[in-house]
Amino acid sequence: MSEETKSLNFIEHIIEEDLANGLSKDKLRFRFPPEPNGYLHIGHTKAIGISFGLGERYQAPVNLRFDDTNPAKEEQEYVDAIKRDIEWLGYKWANEFYSSDYFHTLYNWAVQLIKDGKAYIDSQSSEAMSEQKGTPTQPGVNGPYRNRSVEENLYLFEGMKRGEFDEGTHILRAKIDMQHPNMLMRDPIMYRILKKEHHRTGDEWCIYPMYDWTHGESDYIEQISHSLCSLEFKPHRELYDWFKDNVYGYAAQELPMPPKQREFARLNLSYTIMSKRKLLKLVQNNIVSGWDDPRMPTISGLRRRGYTPNSIRHFIERVGVAKRENVIDVSLLEFCIREDLNKIAPRVMAVLDPVKLVITNYPEDKEEWLDAENNQEDESAGFRKVPFSKELYIERADFKEEASNKFFRLKLGSEVRLKNAYIIKGESVVKDNNGHITEIHCTYSTDTEKKVKGTLHWVSVKHAIKAEVREYDRLFIDEAPDAHPEKDFMEFINPNSLKTIEAFVEPSLLDVTIGDQFQFQRLGYFNVDDDTTSEHLVFNKTVGLRDSWAKQKPKAQQNNNENKPQQQQQKRPAIEVIKQLGKKYTNQPEAKQEKSKAEILKLAETVSYDDLQPLFNTAAKKVGTRIATLITLSVLLKNGQERNEDINTFIEKALDDKNDLLVAEAKIL
RNA sequence: UGGCCUAUGGUGUAACUGGCAACACAUUGGUUUUUGGUACCAAAGAGUCUAGGUUCGAUCCCUAGUGGGCCAACCA
């Protein structure tokens, strides 16, 4: 198990430290706590990978706990989908739990808190309460019901539970501190009245506990050692701990271990969105065909698209775990799926954009069944037969009447190999009235030992089977569709994310089952879609092959999204940029220095003396920063800044320096 | 007019927790190849946001600044 010391992420460091400090290894216990209000997506796989991965690493149990405290949003359908997805990823949970299992315990503890004067019933409107709550920059004030007697609180809480009050009339709040700098600590709500049927408890309850109250205590009840969640819950930790500390006294005997919450940065993928709410909108507005549309970043979408559990797990490993905001490039995901499929997907031939190829010296009625290797990466995959005849389909893009010798494919007068078959030579073309090529004529030679530069895939016209191929592009045209405060993410939907193609495939594919995966040679990886019937084959393009030829040609279509870095630079104050340029200045070659200097001169125009003044104290050894300061100063002086004592001493000190560049700049002044 | 988190190549994560930065993806060359795929080799790319401090020495510790993120749902 323990190979060379693999580097640990910060969570593993924490666990190792806890272990070193005496936590027994058999006390380790984790959990994955989804709310059953939507489908799991690629972002969740990070959380799943972390907690279940830790479980595997330390051989500790991992609970699957559905955080089902809001009957208005949650459904059994989602529970089932979530379980299916986690299983599919290959993870095993120790226990399947529900927060709703703990409603009674939670209720009893809440009563205890009331008795201890740590919770009270508030009976105001939500507007009134939110007003008293203050803002992040302003403290809140106490509400009029804050000091109700224990008896009254108890009486009302019981009434709430019995259904004697309407929704919105009373709530239970923890009594903490309305002036607390953390808004979550300003008497957070613990229970609200919700007269809704719950997918598990039915109509047993009409009050439901809130997240903060439920989640932490559920961890505690399950004796979770490390409760891991994403960064936006960091401010909740203080409340998590408050509840935990206060409840601990009620149950320390049976439940000795208080859990520990730690937070990591969630996964973001470029050109996609991760919010369940927004994904739901795509489904509801029929932008996609459903939660499992192959364009969706949901696990079910990825599965249908042809992603394998293996590839996703590798992806999550490579993405790493840390606490800073991150955006993962989709190319990493694509790399992971190619890596996996390359090893396991059988190769076949399919033509997506056909043009007819006639082999003029091949007998009219002849047909041959040639051997084709199923997968050169896997010897055990064996061979199959593919039919060859006089008329074939090849890709339109594989032919040009004439082209430079960087074009390895078929052109008139030169030779190319047909994969698994013969060598052919382009002879002539047949065109329609519009000059559109309808047929390519060629001759073949049986000497297959010949060295030729290109190899084409093909399908025999007579034997070809029709198939529908669905080719997908990213769902959004913007790198971060939901990161624009002014614009709705729906504005960035890519209208061309789905392309449906009538393709021809080799006859061996007549006999496939849903989910089968193939490499269409030279094109990419494809799988058999759920929509496939015995008469109608449907393939999804999972991902294309890497294509270093395609990279060479399209220079025309790279236009729009090259403005991110510039924006960032604009946002930084000029003086900050100058400092940075200065720091590197002395390490740069002369030409680059010139450029830096020009940039500093430009930026200096917008710098005020007050911004610059602190830099006069720069340590003597930081020559670059002092040079940048001098350059900036020269601009200020030119623009009418008067010389003063600070300026003069700074210049004098520079004149005294050993560094020639610095002295030179100082002399100018 | 606040609090908390965060800052390492284009991207993501490391750096035995103080000894001059590694791995993966992406990029660019090359070798092999009946997939312009795969595999293999190589190159380029950051001196760790800025300033000050502690130290013989800081990516790592302290302070401040700057940038980014989060926090005012009877959501989770």
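Lettering follows sequence order; numbering is per chain, from 1.
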Engineer: Say you pick atom P in G47(B) and the same atom in U33(B); how far apart are they, in whole Å?
Structural biologist: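 It comes out at 41 Å once rounded to the nearest Å.
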
Engineer: State whether H13(A) places a side-chain N or O below 4.0 Å from either non-bridging phosphate oxygen (OP1 or OP2) of A15(B).
Structural biologist: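 Answer yes for this pair, as a side-chain N or O of H13(A) is under 4.0 Å from OP1 or OP2.
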
Engineer: Of all the nucleotides listed (A24(B), U66(B), C74(B)), which has the minimum atom distance to the side chain of R192(A)?
Structural biologist: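 The nucleotide sitting nearest to the side chain is C74(B).
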
Engineer: Does A76(B) have OP1 or OP2 under 4.0 Å away from a side-chain N or O of T69(A)?
Structural biologist: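 Yes.
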
Engineer: Heavy atoms only, 4.0 Å cut-off, all strands: where does K622(A) land among base, sugar-phosphate and nothing?
Structural biologist: sugar-phosphate

Engineer: For F520(A), answer base if it contacts any base atom (sugar-phosphate contacts may also be present), sugar-phosphate if it contacts only those atoms, and nothing otherwise; contact means non-hydrogen atoms under 4.0 Å.
Structural biologist: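 Contact class for F520(A): none.
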
Engineer: With no angle test and no hydrogens, is the base of G36(B) tied to the side chain of R546(A) by a donor-acceptor pair under 3.5 Å?
Structural biologist: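 No pair found.
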
Engineer: Between Y120(A) and A174(A), which heavy-atom pair has the shortest distance, and what is it?
Structural biologist: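 Heavy atoms only, the tightest pair is CE2-O, 3.9 Å.
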
Engineer: Which part of the nucleic acid, if any, lies within contact of Y191(A), taking any heavy atom under 4.0 Å across all strands shown: a base, the sugar-phosphate backbone alone, or nothing?
Structural biologist: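 It contacts nothing in the nucleic acid.
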
Engineer: If G36(B) has a Watson-Crick or G-U wobble mate with both distances under 3.5 Å, name it; if not, just say none.
Structural biologist: none

Engineer: What interatomic distance, in whole Å, is found between C1' of C62(B) and the corresponding atom of C70(B)?
Structural biologist: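 Roughly 25 Å separates the two C1' atoms.
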
Engineer: Does R237(A) place a side-chain N or O at less than 4.0 Å from the phosphate oxygens OP1/OP2 of C70(B)?
Structural biologist: no

Engineer: Counting the atoms with a prime plus P, OP1 and OP2 as sugar-phosphate, which does Q124(A) contact under 4.0 Å by heavy atoms, base, sugar-phosphate, or nothing?
Structural biologist: base

Engineer: What's the closest nucleotide to the side chain of M210(A) if the choices are C75(B), U34(B), U35(B)?
Structural biologist: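 Among the listed nucleotides, the one closest to the side chain of M210(A) is C75(B).
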
Engineer: Identify whether any heavy atom of K419(A) sits under 4.0 Å from a base atom; if not, whether one sits that close to sugar-phosphate; answer base, sugar-phosphate or nothing.
Structural biologist: base

Engineer: Give me the one residue out of K425(A), K450(A), R409(A) that meets salt bridge (charged side-chain N to carboxylate O under 4.0 Å, His left out) with E415(A).
Structural biologist: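 By the salt bridge (charged side-chain N to carboxylate O under 4.0 Å, His left out) criterion, E415(A) pairs with just one of K425(A), K450(A), R409(A): K450(A).
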
Engineer: In whole Å, what separates the C1' atom of A72(B) from that of G67(B)?
Structural biologist: 24 Å

Engineer: Where does U55(B) land, syn or anti, once you apply the within-90°-of-0 test for syn?
Structural biologist: anti

Engineer: Between C75(B), U35(B), G36(B), which nucleotide gets closest to the side-chain atoms of S548(A)?
Structural biologist: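 When the side chain of S548(A) is considered, G36(B) is the closest of C75(B), U35(B), G36(B).
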
Engineer: Heavy atoms under 4.0 Å, any strand shown: does N37(A) hit a base, just sugar-phosphate, or nothing?
Structural biologist: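 N37(A): no heavy atom of the nucleic acid under 4.0 Å.
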
Engineer: Looking at the side chain of N326(A), which of A73(B), U13(B), A51(B) is the nearest nucleotide?
Structural biologist: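 For N326(A), the side-chain atoms sit closest to U13(B).
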
Engineer: Roughly how many Å is it from CG in L612(A) to P in U66(B), rounded to a whole number?
Structural biologist: 16 Å

Engineer: How far, in whole Å, is A15(B) from G3(B) if one measures between their P atoms?
Structural biologist: 31 Å

Engineer: For residues I424(A) and Y444(A), report the shortest heavy-atom separation together with the two atoms involved.
Structural biologist: CG2-CB, 3.8 Å

Engineer: For A265(A) and for L545(A), locate the closest nucleotide of RNA chain B by heavy-atom distance; then report the residue assigned to the nucleotide nearer the 5' terminus.
Structural biologist: A265(A)

Engineer: Under 4.0 Å between a side-chain N or O of R522(A) and OP1 or OP2 of G36(B)?
Structural biologist: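 True: R522(A) side-chain N/O within range (under 4.0 Å) of G36(B) OP1/OP2.
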
Engineer: Measure across V386(A) and M349(A) and return the closest heavy-atom pair with its distance rounded to 0.1 Å.
Structural biologist: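 In terms of heavy atoms, the two residues are closest at CG2-CE, 4.4 Å.
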
Engineer: So, OP1 or OP2 of U6(B): does either fall under 4.0 Å of a side-chain N or O from K323(A)?
Structural biologist: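 Yes, because at least one side-chain N or O of K323(A) sits under 4.0 Å from OP1 or OP2 of U6(B).
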
Engineer: Between U54(B) and U11(B), how many Å separate the two P atoms, rounded to a whole number?
Structural biologist: 34 Å

Engineer: So for atom NZ, which belongs to K406(A), do other residues, nucleotides or ligands contribute more than 12 heavy atoms lying within a distance under 6.0 Å?
Structural biologist: no

Engineer: Considering Watson-Crick and G-U wobble pairs with both distances under 3.5 Å, what does G2(B) pair with?
Structural biologist: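 By the stated definition (distances under 3.5 Å), C71(B) pairs with G2(B).
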
Engineer: When all nucleic acid strands are considered with a 4.0 Å heavy-atom cut-off, which category describes Q580(A): base, sugar-phosphate, or nothing?
Structural biologist: sugar-phosphate

Engineer: For residues R237(A) and Q261(A), report the shortest heavy-atom separation together with the two atoms involved.
Structural biologist: CD-O, 3.2 Å

Engineer: In this structure, is the centre-to-centre distance between the rings of Y422(A) and F388(A) below 6.0 Å?
Structural biologist: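 Yes: the rings meet the under 6.0 Å criterion.
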
Engineer: Contact class for V321(A) vs. all strands (heavy atom < 4.0 Å): base, sugar-phosphate, or nothing?
Structural biologist: sugar-phosphate

Engineer: Contact class for I171(A) vs. all strands (heavy atom < 4.0 Å): base, sugar-phosphate, or nothing?
Structural biologist: base

Engineer: Just checking R417(A): base, sugar-phosphate only, or nothing, at a heavy-atom cut-off of under 4.0 Å?
Structural biologist: base

Engineer: Indicate, with a heavy-atom threshold strictly under 4.0 Å, whether N182(A) touches base, sugar-phosphate, or nothing.
Structural biologist: nothing

Engineer: Would you measure the distance from the P atom in U6(B) across to the matching atom in C40(B) and give it in whole Å?
Structural biologist: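 38 Å, rounded to whole Å.
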
Engineer: Pick base, sugar-phosphate or nothing for S270(A), based on heavy-atom distances below 4.0 Å to the nucleic acid.
Structural biologist: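 No contact.
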
Engineer: Scan every strand shown for a Watson-Crick or G-U wobble partner of G18(B), both distances under 3.5 Å, and answer none if you come up empty.
Structural biologist: none

Engineer: Taking G2(B) as the reference, what is the distance to C61(B) when you measure between their P atoms (whole Å, please)?
Structural biologist: 25 Å

Engineer: Using the side-chain heavy atoms of K583(A), tell me which of these nucleotides is nearest: C25(B), A76(B), U50(B).
Structural biologist: U50(B)

Engineer: Where the side chain of P136(A) is defined as all heavy atoms beyond and including C-beta, which of U35(B), G69(B), A72(B) is the nearest nucleotide?
Structural biologist: A72(B)

Engineer: In whole angstrom, give the distance that lies between atom NE2 of H215(A) and atom C1' of C75(B).
Structural biologist: 14 Å

Engineer: Give one of base, sugar-phosphate or nothing for Q519(A), where a contact means two heavy atoms less than 4.0 Å apart.
Structural biologist: base

Engineer: Choosing from U50(B), G2(B), G36(B), which nucleotide comes nearest the side chain of K579(A)?
Structural biologist: U50(B)

Engineer: Is the aromatic ring centre of W549(A) closer than 5.5 Å to the centre of the six-membered base ring of G36(B), with the two planes inclined by less than 30°?
Structural biologist: yes

Engineer: I'd like to know if E232(A) and R266(A) make a salt bridge, using a cut-off of under 4.0 Å between side-chain N and carboxylate O.
Structural biologist: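 Here E232(A) pairs with R266(A) in a salt bridge, since their nearest N and O are under 4.0 Å apart.
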
Engineer: Is the shortest side-chain N/O distance from T625(A) to OP1 or OP2 of A51(B) below 4.0 Å?
Structural biologist: yes

Engineer: Tell me whether the NZ or CZ atom of R474(A) lies within the 45° cone about the ring axis of Y271(A) and under 6.0 Å from its centre.
Structural biologist: yes

Engineer: Kindly label the base of G53(B) as syn or anti, based on whether its glycosidic torsion lies within 90° of 0.
Structural biologist: anti

Engineer: Out of C74(B), C5(B), A73(B), which nucleotide sits closest to the side chain of K73(A)?
Structural biologist: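 Among C74(B), C5(B), A73(B), the one nearest the side chain of K73(A) is A73(B).
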
Engineer: Of the nucleotides C71(B), G47(B), G37(B), which one has an atom closest to the side chain of P235(A)?
Structural biologist: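 Closest of the options to the side chain of P235(A): C71(B).
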
Engineer: Is a donor-acceptor contact shorter than 3.5 angstrom present between the side chain of H236(A) and the base of A76(B)?
Structural biologist: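 Counting by modelled atom types and ignoring angles, a donor-acceptor contact under 3.5 Å is found here.
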
Engineer: So, D447(A) versus S445(A): side-chain donor-acceptor pair below 3.5 Å or not?
Structural biologist: no

Engineer: Whom does G9(B) pair with, Watson-Crick or G-U wobble, provided both distances fall under 3.5 Å?
Structural biologist: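 Base partner found: none.
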
Engineer: Would you classify A619(A) as touching base, sugar-phosphate or nothing, given that sugar-phosphate means primed atoms plus P, OP1 and OP2, and contacts are heavy atoms under 4.0 Å?
Structural biologist: sugar-phosphate

Engineer: Where each residue is assigned the nucleotide of RNA chain B containing its nearest heavy atom, which of Q138(A) and T455(A) is assigned the position nearer the 5′ end?
Structural biologist: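 Closer to the 5' end of RNA chain B: Q138(A).
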
Engineer: Is there a Watson-Crick or G-U wobble partner for A76(B) with both distances under 3.5 Å, and which nucleotide is it?
Structural biologist: none

Engineer: With no angle test and no hydrogens, is the base of G12(B) tied to the side chain of E325(A) by a donor-acceptor pair under 3.5 Å?
Structural biologist: no

Engineer: Would you indicate which nucleotide in G52(B), G37(B), G47(B) comes nearest to any side-chain atom of K584(A)?
Structural biologist: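 My answer, after comparing the listed nucleotides, is G47(B).
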
Engineer: Would you measure the distance from the C1' atom in A76(B) across to the matching atom in A64(B) and give it in whole Å?
Structural biologist: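 Each nucleotide's C1' atom is 37 Å from the other's.
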
